[in-house]
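The structure displayed is predicted, hence computed values, not measured ones.
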Amino acid sequence: MMAFWAKTFFLAVIMISSAVRGRVEKELSPECREFLYMGTPPSGVEHQSLQFICQHYNKKPRYVTLYNIVDHIPVYSAYTFKRSDGEKCVDVPWMYEPQLSTFTDTDEMQPFPSGYMHMNFEDAQAVLDDYTNAIHYERATLNPDAHQNEPDDKASTYTLTNVVPMVPDFTNRVWSRQEHIIRKRLNNYCRGTAYIVTGITTSGKMIRRQNMNRIAVPTYLWSAYCCVDFDHNTPYNERHKFPSFAHYGLNEHDNELMEVSVEKLKEFLTRTTFVDQNFQIFVKDCEPAASKTK
């Protein structure tokens with residue numbers, strides 16, 4: 001019986017994958033590698049159901065997402081931090097990803113169409129209806145608009161392929177607060193480009209719609225940044241958080257975050273999620289060149 005379901009799942013993945021078109025690829029283009037430290041995505045995260053999305057908005061690539069087309073959720077979004085005042089974008093509609101659709105040939109994210117047209121692409125991605133009755137969760141972005149500056153960069157974060165269901169108390173009291181802590185830290189002390197990867201772990205909990213599993217609910221959320229060009233006069237209490245640092249937290253009510261090194265986060269994720277022993281968030285854990293000779 002288990003063999004039957006395993007075969008069925010595998011065939012379902014193949015069918016969905018064969019329907020995907022556009023810029024969704026196993027290999028990223030050079031223009032999208034610019035959002036990754038040393039042009040390299042996290043390693044050791046592979047599965048038939050995972051697809052890279054080079055997130056395009058208004059004729060430009062904006063960031064990279066590794067998306068699960070079966071669980072309808074991003075595994076992580078990787079982006080470059082832009083110095084900002086933390087203001088949120090307003091009046092931007094939620095969008096879907098045509099690159100996971102046979103409905104259109106465009107590479108750019110689009111506002112959700114009216115009526116039932118979303119049925120043409122809901123097999124491979126989440127749609128707004130999935131969240132309608134999910135009253136215990138709210139939509140939270142992995143690449144937050146608070147970490148972007150230009151209006152188009154902010155707007156590009158409002159696609160459901162960048163969204164995970166998060167417990168409201170954890171979102172508002174813990175996770176969003178940490179996003180602003182990171183924003184201020186990088187604003188003040190990162191002199192060059194800061195690369196951020198924010199992702200999730202799952203353990204089988206799902207949001208259902210019409211008696212079907214639709215969206216995986218994250219168990220943990222995690223985030224790590226890498227900024228090798230930083231102010232070496234950074235105050236002592238912040239100095240150890242460069243060139244890289246990370247945090248993670250349990251997606252439940254009344255929980256807090258753990259701030260850790262990138263290496264410790266990597267160890268935690270290796271124990272708690274489906275990555276192999278070669279798992280790496282940043283090349284050589286974002287070790288600066290000067291320290292390699294020591």
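Between the side chains of Gln210 and Asp129, no donor-acceptor pair of N or O atoms lies under 3.5 Å. Side chain to side chain, Thr65 and Thr161 fail the donor-acceptor criterion of an N or O pair below 3.5 Å.
The shortest heavy-atom contact between His240 and Asn237 is CE1-O, 3.3 Å. Nearest heavy-atom pair, Cys89 versus Pro151, reported as atom, atom and distance to 0.1 Å: SG-O, 4.4 Å. Shown here for Leu36 and Leu28, the closest heavy-atom pair between the two residues is CD1-CD1, 3.7 Å. The two residues Asn149 and Lys154 make their nearest non-hydrogen contact at O-CE, 3.6 Å. The two residues Leu50 and Val75 make their nearest non-hydrogen contact at CD2-CG2, 3.6 Å. Between Tyr131 and Val163, the shortest heavy-atom contact is OH-CG1, 3.4 Å.
Put simply, the side chain of Phe81 reaches to within 4.5 Å of the side chain of Asn187, judged on heavy atoms. In this structure, Tyr189 and Cys227 have side chains that are not in contact, with every pair of non-hydrogen atoms separated by 4.5 Å or more. Considering only heavy atoms from C-beta on, Lys241 comes within 4.5 Å of Arg185 through its side chain. Using a 4.5 Å heavy-atom threshold, the side chains of Val260 and Tyr248 count as touching. Residues Tyr76 and Pro41 meet the side-chain proximity criterion, which asks for heavy atoms closer than 4.5 Å. Taking the side chain as every heavy atom from C-beta outward, Pro165 and His136 never approach each other to under 4.5 Å. Side-chain contact check for Lys266 versus Phe279: some heavy-atom pair is nearer than 4.5 Å. Between Arg208 and Arg214 the shortest side-chain heavy-atom distance does not fall below 4.5 Å.
Of the inter-residue distances, the one linking Leu265 atom CG with Phe282 atom CZ reads 9.0 Å to the nearest 0.5 angstrom. For the atom pair NE2 of His147 and CG of Asp153, the computed distance is 13.5 Å after rounding to the nearest 0.5 Å. Taking CG of Asp152 as the reference point, atom CG of Asn58 lies at 4.5 Å (rounded to 0.5 Å). Taken from CD1 in Ile53 to CD1 in Ile69, the straight-line distance is 9.5 Å, to the nearest 0.5 Å. Note that CG of Asp231 is 4.5 Å distant from CZ of Arg191, once rounded to the nearest 0.5 Å.
We find that Asp85 and Arg183 are not joined by a salt bridge, their nearest charged nitrogen and carboxylate oxygen being 4.0 Å or further apart.
Between the Arg139 side chain and the Leu160 main chain, no donor and acceptor come within less than 3.5 Å of each other. Asp130 places no side-chain N or O within 3.5 Å of a backbone atom of Arg209 that could act as its donor or acceptor partner. Distance alone, capped at 3.5 Å, is enough to place a donor-acceptor pair between the Tyr63 side chain and the Ser156 backbone. Using a distance-only test at 3.5 Å, with no hydrogens or angles considered, no donor-acceptor pair links the side chain of Thr159 to the main chain of Asn162. A donor-acceptor pair is defined here as one N or O able to donate and one able to accept, closer than 3.5 Å; no such pair exists between the side chain of Glu122 and the backbone of Ala126. Listed for the Ser84 side chain is a donor-acceptor partner under 3.5 Å among the backbone atoms of Ala146. Between the side chain of His56 and the backbone N or O of Cys54 there is at least one donor-acceptor pair closer than 3.5 Å. A donor-acceptor pair under 3.5 Å is formed between the side chain of Glu97 and the backbone N or O of Gln99. A donor-acceptor pair under 3.5 Å is absent between the side-chain atoms of Ser176 and the main chain of Asn172, judged by distance alone. A distance-only check finds no donor-acceptor pair linking the side chain of Asp285 to the backbone of Glu287 [under 3.5 Å].
Aromatic ring centres of His232 and Phe242: separated by at least 6.0 Å.
Residues passing the salt bridge (charged side-chain N to carboxylate O under 4.0 Å, His left out) test with Glu87, sequence neighbours excluded: none. Partners of Lys88 by salt bridge (charged side-chain N to carboxylate O under 4.0 Å, His left out), not counting sequence neighbours, listed by chain and number: Asp145. Considering only residues two or more places apart in sequence or on other chains, Arg239 meets the salt bridge (charged side-chain N to carboxylate O under 4.0 Å, His left out) condition with none of them. Evaluation of the salt bridge (charged side-chain N to carboxylate O under 4.0 Å, His left out) rule for Arg173 yields Asp169, Glu256 as partners, not counting sequence neighbours. Glu46 pairs by the side-chain contact (heavy atoms from CB on, under 4.5 Å) definition with nothing, not counting sequence neighbours.
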Practice task
Assess whether side chain to side chain contact (heavy atoms under 4.5 Å, CB included) is satisfied between Met166 and Trp175, documenting all intermediate values.
Solution key: CA-CA 10 Å; Met166 206 180 294; Trp175 194 257; 4.0 Å; yes
Practice task
Apply salt bridge (Lys or Arg N to Asp or Glu O under 4.0 Å) to Glu150 and Lys82, showing your working.
Solution key: CA-CA 8 Å; Glu150 296 298 325; Lys82 314 298 193 306; over 6 Å; no
Problem - CA sep, side-chain torsions, deciding dist, call: Asn143, Gln55, side-chain hydrogen bond (donor to acceptor under 3.5 Å, both in side chains) - result: CA-CA 11 Å; Asn143 174 8; Gln55 302 275 17; over 6 Å; no
Handout entry: CA sep, side-chain torsions, deciding dist, call: Ile215, Asp71, side chain to side chain contact (heavy atoms under 4.5 Å, CB included)
Key = CA-CA 5 Å; Ile215 304 175; Asp71 286 345; over 6 Å; no
Exercise for the section: Test side chain to side chain contact (heavy atoms under 4.5 Å, CB included) on Leu221 and Leu142 and set out the steps. Expected result: CA-CA 9 Å; Leu221 283 98; Leu142 296 186; 4.1 Å; yes
Exercise for the section: Apply side chain to side chain contact (heavy atoms under 4.5 Å, CB included) to Arg271 and Phe268, showing your working. Expected result: CA-CA 5 Å; Arg271 294 193 310 269; Phe268 171 77; 3.7 Å; yes
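In the hydrophobic clustering of ILVMFWY residues, with side-chain heavy atoms under 4.5 Å counting as a link, Met206 and Tyr137 come out apart.
The residue from Tyr158, Tyr67, Phe112 that alone fulfils the ring-ring contact (aromatic ring centres under 6.0 Å, His included) condition with Tyr96 is Phe112.
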Would you be so kind as to tabulate the donor-acceptor pairs closer than 3.5 Å made by side chains of residues 195-203, with sequence neighbours excluded?
from	atom 1	to	atom 2	distance (Å)
Thr198	OG1	Ser223	OG	2.7
Thr201	OG1	Tyr220	N	3.2
Ser203	OG	Thr219	OG1	2.8

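Asn133 CG: 12 or fewer foreign heavy atoms inside a 6.0 Å radius. Dense packing is recorded around NE2 of His180, with more than 12 heavy atoms of other residues, nucleotides or ligands lying under 6.0 Å away.
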